[in-house]
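Labels below follow one simple rule: chain letters A, B, ... track the order of the sequence lines, proteins then strands, and each chain is numbered from 1.
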Protein chains: 2
Amino acid sequence: MAAQRHYEDLARQLSAIGAVKRGLGRGLPHDCPGGSAAVLILLDRHGEMRMSRLAELLAVDMSVTSRHVAHVAEKEWILREPDPADKRSRILRLTPAGQTKVNELSELSIRTLTHYLHDWSDDEVVQLSTLLARLRDSFGDCRAASARLPFEETTRTPA
Amino acid sequence: MAAQRHYEDLARQLSAIGAVKRGLGRGLPHDCPGGSAAVLILLDRHGEMRMSRLAELLAVDMSVTSRHVAHVAEKEWILREPDPADKRSRILRLTPAGQTKVNELSELSIRTLTHYLHDWSDDEVVQLSTLLARLRDSFGDCRAASARLPFEETTRTPA
DNA sequence: TATTGTTATACTCTATAACTATA
DNA sequence: TATAGTTATAGAGTATAACAATA
C-alpha cells in the first residue's frame with residue numbers, strides 16, 4: 001500500500017498523459033482514427049473474436065465497439081462472419097487489406113516513438129510498458145456497467 | 001535507443017491506458033468533469049497564471065482552455081483578474097471554494113487509486129509516476145499547432 | 001427471461017478558423 | 001503586424017437506453 005501523496009502524484013501524471021495519446025493520435029492515417037486503429041491492432045494481436053470479447057479488450061461499452069467495428073468493416077479491413085455456434089453472434093477477422101493497415105500502423109507508431117524517445121534506453125521503455133500493463137490489469141474490467149466503486153454514493157449518480 | 005518491438009508494445013499499452021483514465025473519470029463529482037478538474041488541479045499545483053500558460057500545462061489549444069476555464073469561473077471556483085502588465089491577458093486564481101473543490105478531488109483520486117492499487121508497493125507507484133512524467137517531458141509541447149513530426153507528408157494533412 | 005449486437009441520442013473533449021482587443 | 005483570449009463549428013470518443021433477434 002503506497003502513501004497517499006504518491007497516489008495523488010500518479011493521478012496527476014495519468015491525467016496529463018492524454019497529451020501524449022493525442023500526440024500519437026495525430027500521426028494516424030487520415031482514414032483510420034484511433035478507434036479503428038485499436039480494433040485492427042487487437043484483432044491482429046489476439047486473432048479472430050466475437051464483438052463482446054473485443055468490447056472487453058477495448059474496455060468500452062459494446063455500443064461503442066459496434067460503431068468502431070462498423071467503420072473498419074466498411075473499409076473492408078475486417079469481415080464479420082456469422083458464428084455457427086450462436087446465431088446472435090458475429091466473428092470478426094482481419095482481411096488481407098486489414099493486415100496491411102495494421103502493418104502500416106505499426107510502422108507509424110515505431111517512427112513516432114523513435115522520434116520522441118530517442119534518448120530512452122531499452123530497459124526504460126520495457127519498464128514503462130510493464131507498469132502500464134500492470135496498471136491496466138489492476139483496474140480490471142472498470143467499464144461503466146461492469147465494476148462499481150465502493151463509495152459510489154458520493155460521486156456520479158449510478159442511474 | 002530501444003528495439004522496435006518495445007516501441008510497439010509501448011504504443012499498445014498507451015492506447016489501452018485510456019480505460020484507466022475513464023475509470024478515474026467516472027469517480028469525478030457530477031458538477032466537475034475532467035476538463036474542469038484538470039484546470040483546478042494545475043492552478044493549485046502551480047499557483048496563479050495566465051491563460052496561455054495554463055494551455056501549455058494542459059497541452060491543449062487555448063480555445064479549449066478558454067472553455068474549461070469559463071466553466072470553472074461560472075462555478076466561482078476561480079477568478080479571472082485583469083493583468084496590469086498586459087491588458088489582453090487574464091490572471092487566473094483559485095477561490096476558497098475552488099480550493100475546497102481541489103481538496104475534494106484529491107481525496108477522490110486517492111480513494112479510487114487506493115481501491116484499485118491496494119497491492120502496489122510505494123516504489124512501484126513512484127516508479128510509474130516518474131516514468132510517465134518523463135514520457136510527457138520527452139514529448140515536449142506536442143500540441144497540434146506547436147510541434148510537427150518529421151514525416152508529416154504521409155499522415156494527416158498539415159493544413 | 002436473458003443475452004448478443006445495433007441504433008438513436010446526448011455529453012465531453014479537442015482542433016480550426018474567424019473575430020476582438022491590445023501590444 | 002503580431003499576440004492574448006473568445007466563440008462558433010465540426011469531429012472523435014464514449015455511455016445510456018430502447019430495440020431486434022436468438023438462446
Does [X] come within less than 4.0 Å of [Y], counting only side-chain N to carboxylate O?
| X | Y | answer |
| --- | --- | --- |
| B:Asp61 | B:Arg143 | no |
| A:Arg5 | A:Glu8 | no |
| B:Glu81 | B:Arg90 | no |

Can you list, by residue number, the residues of residues 43-58 of chain B that have a non-hydrogen atom closer than 4.0 angstrom to DNA chain D? B:Arg50, B:Met51, B:Ser52
Here the residues of residues 64-81 of chain B within 4.0 Å heavy-atom distance, strictly under, of DNA chain D are B:Ser66, B:Arg80
Measuring only between side-chain heavy atoms, which start at C-beta, is [X] closer than 4.5 Å to [Y]?
| X | Y | answer |
| --- | --- | --- |
| A:Pro29 | A:Leu108 | yes |
| A:Thr65 | A:His68 | no |
| B:Ser66 | B:Met51 | yes |
| B:Thr112 | A:Tyr7 | no |
| A:Ser109 | B:Leu14 | no |
| A:Val64 | A:Leu58 | no |

Let me spell it out: for each of A:Met62 and A:Gly35, pick the nucleotide of DNA chain D with the closest heavy atom. Which residue's pick is nearer the 5' end? A:Gly35
Should A:Arg143 be listed as having a side-chain N or O under 4.0 Å from OP1 or OP2 of D:dT14? no
Does C:dT14 have OP1 or OP2 sitting under 4.0 Å from an N or O in the side chain of A:Arg22? yes
Which one, D:dA15, D:dG13, D:dT6, comes nearest to the side chain of B:Arg90? D:dT6
Closest approach to the side chain of A:Ser63, judged atom by atom: which nucleotide of D:dA15, C:dG5, D:dG5 is it? D:dA15
Please encode protein proximity along nucleotides 18-23 of chain D as a string of B, S and -, counting only heavy-atom distances under 4.0 Å. ---BBS
Within this structure, what is the [atom1]-to-[atom2] distance between [X] and [N], rounded to whole angstrom?
| X | N | atom1 | atom2 | answer |
| --- | --- | --- | --- | --- |
| A:Leu28 | D:dA12 | CG | C1' | 12 Å |
| A:Leu24 | D:dA12 | CG | C1' | 16 Å |
| B:Asp61 | D:dT6 | CG | C1' | 11 Å |

Please check if the side chain of B:Thr95 supplies one atom and the backbone of B:Glu76 the other of a donor-acceptor pair under 3.5 Å. yes
Taking B:Lys101 for its side chain and B:Trp77 for its backbone only, find out whether a donor-acceptor pair lies under 3.5 Å. no
